[in-house]
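Quick one: structure below, then a few questions.
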Amino acid sequence: MIETAKLAGFCAAHGIWSVSDGETLIPLVGYEDANGERGLVRYAHDDIGDGARAAQDALEYNEEGWARAVLVADGYLRTDDGRRDAVIVEAVRYGLTPWSMKVAVPYVPKTAQSNFAVFRPKFISVAGFDDDSDHDPLANAFFAGVDAHPDGAAAWNAHLHPSA
């Protein structure tokens, strides 16, 4: 689960880097195979929703036989203040003891009227983790993964909102 959380952080950083300059995030799945080899598949479709659905299917059905995989797509997080843009991250460890987590990384998109800003990630769900009360190891692994993506970590840290 720690390796899956690291991969999730790495992929989340890639997503943040992708949207940091105001571009559209093409849905993607980052994966690691049984040999530890990593890769990334983008799901570019004419309709971004179709791409997100194709990426979700790839994550769910795992026809490639990945050891772990992470879906990253642009979406929204509902908050008490309404709706906020967010990079949505779904991570899965496959196998005999499957495990999953879902994280949203809220952000303010770069526009002519606003600067890009990143907020603290929100851990939405964790399934298959033995200790539901202590997610610190997962959060630490997630941020280690963020830090392992040089461009993503640089964009994330340079634009971290003060309230985060």
Side-chain angles (χ1 to χ4, degrees), residues 1-32 37-45 47-60 66 68-93 99-126 135-164:
M1 85 190 130
I2 296 300
E3 292 305 314
T4 304
K6 283 182 187 176
L7 182 60
F10 184 88
C11 293
H14 190 86
I16 288 296
W17 178 49
S18 297
V19 299
S20 67
D21 60 1
E23 295 297 317
T24 300
L25 175 61
I26 303 300
L28 61 92
V29 173
Y31 64 87
E32 190 173 285
E37 296 294 320
R38 285 186 173 181
L40 184 126
V41 180
R42 292 190 194 303
Y43 292 85
H45 288 70
D47 178 81
I48 201 81
D50 289 342
R53 282 185 288 283
Q56 184 67 49
D57 286 347
L59 188 73
E60 182 178 343
W66 300 317
R68 59 187 52 86
V70 178
L71 164 69
V72 178
D74 208 354
Y76 299 101
L77 176 67
R78 299 231 181 263
T79 67
D80 293 340
D81 300 330
R83 188 174 83 160
R84 183 174 297 265
D85 289 278
V87 170
I88 306 299
V89 180
E90 293 184 51
V92 176
R93 178 184 70 192
W99 177 86
S100 66
M101 66 186 261
K102 187 172 184 179
V103 178
V105 184
Y107 71 92
V108 173
K110 179 180 180 180
T111 65
Q113 296 79 25
S114 65
N115 292 322
F116 179 71
V118 180
F119 294 86
R120 180 183 2 229
K122 307 295 183 211
F123 287 77
I124 298 170
S125 65
V126 177
H135 292 129
D136 287 347
L138 299 178
N140 291 340
F142 181 86
F143 283 112
V146 169
D147 291 342
H149 192 297
D151 294 322
W156 190 308
N157 294 324
H159 301 285
L160 189 61
H161 193 273
S163 70

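For the numbers below, each heavy atom of this structure counts, side chains included, while hydrogens, waters and symmetry mates do not. Along the sequence shown, residues are numbered consecutively beginning with 1.
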Parallel, tilted or perpendicular: which one describes the rings of Tyr31 and Trp66, with boundaries at 30° and 60°?
parallel

Worked verdict on Asp74 versus Ile48 for side chain to side chain contact (heavy atoms under 4.5 Å, CB included):
CA-CA 9 Å; Asp74 208 354; Ile48 201 81; over 6 Å; no

Using side chain to side chain contact (heavy atoms under 4.5 Å, CB included), reason through Glu3 and Arg93 one step at a time and then give a plain yes or no.
CA-CA 9 Å; Glu3 292 305 314; Arg93 178 184 70 192; over 6 Å; no

So Phe116 and His159, would you call those rings parallel, tilted or perpendicular, with 30° and 60° as cut-offs?
perpendicular

On a heavy-atom basis, the closest approach of Val70 and Ala91 is CG2-CB, 3.9 Å

Hey, are the side chains of His14 and Val72 touching, using non-hydrogen atoms and a 4.5 Å cut-off?
no

Interatomic distance, CZ@Phe142 vs CD1@Ile2, rounded to 0.5 Å, equals 13.0 Å

Would you say Asn115 has more than 12 foreign heavy atoms packed within less than 6.0 Å of its CG?
no

For Pro109 and Ser114 the tightest heavy-atom approach is O-OG, 3.0 Å

Decide yes or no on side chain to side chain contact (heavy atoms under 4.5 Å, CB included) for Leu138 and Trp99, but give the supporting numbers first.
CA-CA 12 Å; Leu138 299 178; Trp99 177 86; 3.6 Å; yes

For Ala8 versus Met101, what's the shortest heavy-atom pair and its separation?
CB-CE, 4.4 Å

Please report the closest heavy-atom contact between Leu25 and Ser18, naming both atoms and the distance.
CD1-CB, 3.7 Å

On a heavy-atom basis, the closest approach of Ile88 and Ala104 is CD1-CB, 3.8 Å

Rounded distance (nearest 0.5 Å) linking atom CD of Glu32 with atom SG of Cys11
10.0 Å

Please report the C-alpha distance between Arg120 and Leu160 in whole Å, then the side-chain angles of each, then the deciding distance to 0.1 Å, and finally whether the side chain to side chain contact (heavy atoms under 4.5 Å, CB included) criterion is met.
CA-CA 8 Å; Arg120 180 183 2 229; Leu160 189 61; over 6 Å; no

Interatomic spacing from CG in Asn157 to CD1 in Ile16 - rounded to 0.5 Å:
11.0 Å

List the atom of Val89, the atom of Ala12, and the distance in Å for their closest heavy-atom pair.
CG2-CB, 3.7 Å

OG/Ser20 to OH/Tyr107 distance, rounded to the nearest 0.5 angstrom?
10.5 Å

Quick one: CG on Leu28 to OH on Tyr43, what's the gap to the nearest 0.5 Å?
9.0 Å

